[in-house]
Structures are given as C-alpha cells and as structure tokens.
Amino acid sequence: MNVLVTGGTGYIGSHTCIQLIQQGYSPVVVDNLCNSKKVVLDRIEQVSGVRPIFIQGDIRDDAFLKSVFDEYTIDSVIHFAGLKAVGESVEKPLKYYDNNVSGTLRLVQTMEAANVKSLIFSSSATVYGDPASVPIKENFPTSATNPYGRSKLMVEECLRDFQHANPDWSITLLRYFNPVGAHTSGLLGEDPRGTPNNLLPFVAQVAVGRRQKLGIFGNDYPTPDGTGVRDYIHVVDLADGHLAALEKMAHQPGTHIFNLGTGQGKSVLDMVYAFERVAERPIPYEFKPRRAGDVAECYADPTYAEAILGWKAKRGLNSMVEDTWRWQSNNPDGYGD
Ligand code: NAD
Ligand code: WQD
C-alpha cells in the first residue's frame, strides 16, 4: 500500500519511513530538501533494505504535486513537510504561513482532486500555548504564542472545517510533544542546520565538542529544580504512533486528535545529567535568562492515544539519550555535506 510521506527525508519523516517499510507499506517520499539531505535515503535503505521512492519537489507546486498523484496510486498521506523554527517564524511570519498553511491547503486540494481522503498531519503541543495545568488532554483550550504555533493551529482549524464539509474524509491530527533520540542503528538522527534551537541536539553537540557550553534558559521556574519541564518522546516511538494512526484511523471518517507524548515530564537538568552519564563526560552549562515564549511545564496525558490507537511510548529517557549519543558520536557532523 502506497503512503505519500511529505517531508519524508526530514527527522521524523525518515524514521517513520523505516517503520512503514518494516510494516509492509511502500512510502512515496516528497521533499524539497530545504531542511534535509538526499543521503537520508541511503540510510533508510541501509537500515530497512528498501529504498523508498523519492520525488524531489515542493508541496506548494500544484503541477508537481498533481504529477505525483497521477503517477502513484496513493492510499493515505502522512504530511510532515513544514518549517519548524520558532524564532525564525517570528522574524519571517509569511514564510511560515506560506509553507505550513498554504502548503497544506494545496496538498489537500490535490488530494481532493485525486480522490485520496485520508490524511495524518504533524501538529504540535505548541497548540496548547501556556497550559493552565498539566498533564495536557486533547480537549484543553488551544492558543498560539508565535507564528509557527499559529500556523499549526490554523492548519488544524482549516482541516477540521474541511473534514466537517467532507464527512467521508479521515483526518488525524497528531500533536507531538518533544521528539528526541535517533534510530538505534546510529545511521539516522536529527541534523539541525546552524545552531540548534532545541535542547537535545545542542547538548549532543556540546558532548561531541562542536560547541563549548550549553545555555540553560531559566532556573527560576516553579518546577522541582527551577528549569523547564517537557515531555521528551523517542522519535521511533513517535514514528510508531503514526503507524498506529494509519492502521486504526486512516479509514475511519472524522477528525481525530491525539497527543503523542510519554506523559513524563523531565527538566532541562534531568536531560543534562542523563547525557553526562551516557556520554561519560561533563556537559558544561551556564544559566541564562528565560527564553521568550517558553512555558514552565508541558507534558501530555497520552491515555487517549493508548485507548483508541493501542499505542504507548515504550522507550525511556536512557534509550532517548543513548540513541542520540550513538548517532551524534558516529556522525559528529550529522549527514555531512
Ligand atoms: P524536519 O525539518 O526535519 O522535516 C521536515 C521536512 O519537510 C524537511 O525534510 C524539509 O526539507 C521538508 N519540507 C519543508 N517544507 C517543504 C515544502 N514546502 N515542500 C516539500 N518539502 C518540504 O522537521 P521534523 O522535526 O521532522 O518535523 C516534521 C513535522 O513535524 C513538521 O511539520 C514539524 O512542524 C512537526 N513537528 C516537529 C516537532 C519537532 O520538535 N521536531 C514537534 C512538533 C511538530
Ligand atoms: C526544551 C527545554 C528550553 C535549548 C519546541 C517548540 C515546539 C516543538 C518542540 C515543534 C525548554 C530549554 C532549550 C537550549 C535550554 N516543535 N532549552 N537551552 O521549546 O519545548 O519546544 O520544540 O512543534 O513547538 O517550541 O523545545 O528543545 O527548544 O526546549 O535551556 O539551548 O530546554 O528553555 O525548557 P520546546 P526545546
């Protein structure tokens, strides 16, 4: 069964392609390579024994997208393609609305024309804004604190309206918490361009000697050790969540919303200490002021996904950190040039 995977050479998309192949699906990858590299396809093949079909192009290019649906019989779409740097979205909001919102609308229009009615969308815990309490359930109020988050919220709302008007469609909105980790093979992982925005890639680059020191944004939050608390989830667990959504929801009409998290909150210092243990070296850090827009605590109530999808995160903090370290130490410069 062909599954169109937009953004399939990216961090989460590449891990999902491996799980898809291992479950007997045929991923058809579309990516414009604005934030990923072609060598990822070699790595997917090395791990899974199958090279996914890859068509380089932009989801905002209608003629290109139509040609993909004309050439391949697509059963469902998993839509990862998008931009994700929060800070950049504040500087360049239109770039984010164009890529994330307009790109998704074009994709759905092309799907409609091709009579493909099953979509899984990469949403984010960012749609909960600053939550009134934790753990966060799917029915909590949503809001946005930056253009990236607003682009995800807008897409969620557009898709909900569209599904309401087209009740035979199945649309699944997966709200990821904090994806981390890498494939256990050490062949695939996260390879951010420039200075990493996210915590674990930054820590990994300090550990491998690419950066001198981690700045910890705030140690005066109302949390057990004063640093921010998040729900870090292993990227392979996240990929498996997509498989579960595909199997259980892809042919169930409706708009379905799931949190994909572990339900466990970990602080910045928890992550630093775990990395020091695994990499057997100190991670120098200094406390810095809070980062604008950060919340004190954000972690999921993942029980709805377990009840409906039969999916639950299996990999704990040690696996997340060990797999990140294997990837980073085997590939100090990521996928290279
Ligand atoms: P990523 O940047 O590694 O992957 C996204 C991929 O999409 C890249 O390969 C990029 O080249 C491609 N892409 C971007 N715009 C495109 C376009 N217009 N046409 C074709 N390809 C395009 O990011 P990721 O971490 O794998 O995230 C995947 C999705 O999950 C994104 O939509 C992101 O917003 C969402 N998400 C990510 C996180 C996270 O922390 N990583 C958390 C929540 C949600
Ligand atoms: C985690 C914790 C920081 C970097 C972001 C997006 C969110 C989602 C996931 C896409 C926080 C602290 C970080 C550093 C630090 N992405 N930190 N020093 O902010 O929870 O979520 O990625 O949808 O939308 O906002 O993740 O990894 O940036 O930060 O102290 O150099 O680490 O303050 O407490 P965040 P993160």
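The structure presented is a predicted model; accordingly, all values stated were derived computationally and were not measured. Whatever order the structure lists them in is the order used to number ligands and atoms, beginning at 1. Worth knowing before you read on, the calculation uses all heavy atoms, side chains too, and leaves out hydrogens, waters and symmetry mates.
Ring pair F121/H79 is tilted by interplanar angle, where 30° to 60° counts as tilted.
Compare G103, S122, S14 by their heavy atoms: the one nearest to atom 35 (C) of ligand 1 is in S122. Within the set V295, V203, L199, N219, the minimum heavy-atom distance to atom 13 (C) of ligand 2 is found for L199.
At least one N/O-N/O distance between I59 and ligand 1 falls below 3.5 Å. For the pair E190 and ligand 1, the shortest N or O to N or O distance does not fall below 3.5 Å. Among the atoms of I12, some N or O lies under 3.5 angstrom from an N or O of ligand 1. The N/O atoms of N198, backbone and side chain alike, include none that comes under 3.5 Å of an N/O atom in ligand 1. Between Y176 and ligand 1, no pair of N/O atoms sits closer than 3.5 Å. Note: no N/O pair closer than 3.5 Å links L214 and ligand 2 by distance alone. Between K84 and ligand 1, an N or O atom pair is found at a separation short of 3.5 Å. Considering backbone and side-chain N/O of G7, none are found under 3.5 Å from N/O of ligand 1.
Contacts with ligand 2 closer than 4.0 Å are made by no heavy atom of Y176, backbone or side chain. Looking at V229 against ligand 2, nothing comes within 4.0 Å, counting heavy atoms. At a heavy-atom cutoff of 4.0 Å, ligand 1 is contacted by no atom of V30, backbone or side chain. Heavy atoms of A125 found under 4.0 angstrom from ligand 1: none, in either backbone or side chain.
Remark: ligand 1 atoms within the under-4.0 Å shell around heavy atoms of R60 are 18 (N).
A search for side-chain hydrogen bond (donor to acceptor under 3.5 Å, both in side chains) contacts involving S185 returns H183, not counting sequence neighbours.
Look at N99 and you'll find a heavy atom under 4.0 Å from some atom of ligand 1.
Residue E138 is tested with T303, I257, D301 for a side-chain contact (heavy atoms from CB on, under 4.5 Å); the sole match is I257.
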